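Just so it is clear, the model here is predicted, and its values are computed rather than measured. Counting convention: from 1, in listed order, for ligands and their atoms alike.
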Amino acid sequence: MQTPFAYGKTVRAQHFTNRENDSKKLRSNFENGINTTLISPRRWGKSSLVEKVAGQVNSKKLVVVNIDLFPIRNEEEFYTYFSTAVIKATSNKVEVWMEIAKKYLKQISPKFSVGIDPLNDFEITLEWESVQKNYKEILSLPEKIAKEKDIKLVICIDEFQNIANFNEPDLFQKRLRSEWQHQQNVTYCLYGSKQHMMMQLFERQSMPFYKFGEIMYLQKIEEKYWIRYITLAFERTKKVITSEQASQISNMVKHHPYYVQQLAHLTWITTEKTVTLKIIEQATDDLLNQNAILYYKDTENLSATQLNFLKAVANNIEALSSKESISKYNLGTSANVSKIKETLLKNEIIDVQMGKVVFIDPAFELWFKKNILKQNLFKK
Ligand SMILES: Nc1ncnc2c1ncn2[C@@H]1O[C@H](COP(=O)(O)OP(=O)(O)OP(=O)(O)O)[C@@H](O)[C@H]1O
Ligand SMILES: [Mg+2]
């Protein structure tokens with residue numbers, strides 16, 4: 001029988017649980033033309049949420065354009081990719097694509113190549129020199145198409161923080177912002193997996209995208225939903241788990257969506273019929289072993305004081321820059337502690353949640369406690 005759990009890619013249908021309020025909110029923003037930025041630590045479910053809501057609203061009158069900047073490294077690639085995605089989303093005829101491109105990218109005058117399978121092997125080539133002079137034609141393309149066709153567009157851009165690595169990031173962001181903010185028929189949803197970079201792009205007053213739209217800070221999924229999700233999934237596949245055990249799985253990885261799914265899967269796969277505490281413990285070890293290479297690497301890259309700082313965090317120390325903590329954990333000076341904190345935040349090892357420094361990755365925290373602090377994870 002196939003596992004009822006899913007992780008490692010965006011989830012949908014029976015693998016997608018809860019997020020009722022987030023879905024409603026995002027859907028309402030899409031329908032009301034409110035630009036939205038989604039921010040959360042890694043693997044909390046941003047892409048899955050956008051994919052779900054995009055699927056719900058996509059229609060003849062409200063067309064969703066999905067763009068993933070994961071492979072995009074510079075401005076030139078961005079323009080090509082962006083214009084191609086917008087053009088392709090608004091019709092399913094190659095002739096129409098070419099017509100639109102010629103009509104609205106007049107100055108740039110694009111070239112086309114159409115392969116054996118025209119719908120899939122369609123490429124637009126833009127001459128970079130001309131794009132640099134006429135980039136506005138590209139950025140205003142969605143608004144012009146929407147107006148002409150009397151439709152609304154929602155443009156969802158994943159891994160948006162990649163634009164911060166382009167050649168002249170500030171200039172480029174200013175260009176995007178000044179074109180996009182006036183558009184009446186196009187709504188943007190911007191999100192990405194690097195929380196720290198996304199926060200810098202959208203929360204800093206000095207940055208072009210400051211107050212571009214609403215920032216939604218996505219939360220984890222609450223324990224009660226995980227309990228229901230896990231117990232139902234076991235039931236569906238004729239295996240037995242109690243609510244307490246499901247709660248244990250969710251708690252073990254602090255309700256982190258990706259890891260709850262992974263741990264539930266590892267538990268499910270070792271369970272013949274009925275889950276036991278021993279199986280959950282075994283599954284937790286499996287999970288840590290599967291990710292161990294990554295965690296070793298992360299740890300290797302830490303300086304001695306950074307490592308000490310994390311030891312203090314793992315030991316639940318809250319007053320990290322107190323004299324006592326500094327001397328007990330050998331953290332240098334309090335200025336040093338601030339610097340360590342800043343670096344670890346930037347490298348997305350830690351996060352500050354409700355004023356408290358925590359590991360951003362709950363499984364790394366478990367691994368760290370087990371292998372660096374030599375703690376017994378299952379001690380009562
Ligand atoms: N609504 C949900 N219900 C159940 N599981 C979920 C949900 N959302 C996310 N997950 C779990 O978390 C994993 C990561 O989801 P997703 O890729 O959508 O997150 P993300 O925030 O976009 O990640 P990244 O920061 O790496 O881009 C999924 O593979 C799935 O296991
Ligand atoms: Mg994602």
Between [X] and ligand 1, which part of the residue brings a heavy atom under 4.0 Å of the ligand: side chain, backbone, both or neither?
{"X": "Gln261", "answer": "side chain"}
{"X": "Gln262", "answer": "neither"}
{"X": "Ile221", "answer": "side chain"}
{"X": "His15", "answer": "backbone"}

Ligand-residue contact atoms, ligand 1 with [X], heavy atoms, under 4.0 Å:
{"X": "Thr17", "value": "1 (N), 2 (C), 3 (N), 4 (C)"}
{"X": "Ser48", "value": "15 (O), 16 (P), 18 (O)"}
{"X": "Pro257", "value": "9 (C), 10 (N), 11 (C), 12 (O)"}
{"X": "Ala6", "value": "30 (C), 31 (O)"}
{"X": "Ser47", "value": "18 (O), 20 (P), 22 (O)"}
{"X": "Phe16", "value": "1 (N), 3 (N)"}
{"X": "Tyr7", "value": "29 (O), 31 (O)"}
{"X": "Gly8", "value": "29 (O)"}

Contact between Trp226 and ligand 1, counting heavy atoms under 4.0 Å?
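Trp226: in contact with ligand 1 (<4.0 Å).
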Compute the minimum heavy-atom distance from Val260 to ligand 1 and say whether it is under 4.0 Å.
no
With a 6.0 Å cut-off on ring centres, are Tyr296 and Trp367 close enough?
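That pair passes the under 6.0 Å test.
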Please confirm whether Phe359 and Phe368 have ring centers closer than 6.0 angstrom.
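Yes, they do, as the ring centres are separated by less than 6.0 Å.
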So, do Phe160 and Phe202 sit near enough that their side-chain heavy atoms are less than 4.5 Å apart?
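Heavy-atom side-chain distance check passes, below 4.5 Å.
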Would you mind finding which of Glu20, Lys9, Gln14 brings a heavy atom closest to atom 28 (C) of ligand 1?
Lys9
Electrostatic pair [X]-[Y], nearest N-O below 4.0 angstrom:
{"X": "Glu272", "Y": "Lys239", "value": "no"}
{"X": "Lys24", "Y": "Glu20", "value": "no"}
{"X": "Lys369", "Y": "Glu365", "value": "yes"}

Kindly confirm or rule out an N or O of Tyr229 lying under 3.5 angstrom from an N or O of ligand 1.
no
Of Ile241, Thr274, Thr242, which is the lone residue that meets side chain to side chain contact (heavy atoms under 4.5 Å, CB included) with Phe234?
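Single side chain to side chain contact (heavy atoms under 4.5 Å, CB included) partner of Phe234 among Ile241, Thr274, Thr242: Ile241.
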Only one of Cys189, Ser40, Pro41 forms a side chain to side chain contact (heavy atoms under 4.5 Å, CB included) with Lys46, so which one is it?
Ser40
Look at the N, O or S atoms of Ser47, main chain and side chain alike, and state whether any lies under 2.8 Å from the Mg ion (ligand 2).
yes
How are the rings of Tyr79 and Phe172 set relative to one another: parallel (under 30°), tilted (30 to 60°) or perpendicular (over 60°)?
perpendicular
Over 12 foreign heavy atoms within 6.0 Å of CD, Gln181:
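Enclosed: over 12 neighbouring heavy atoms sit under 6.0 Å from CD of Gln181.
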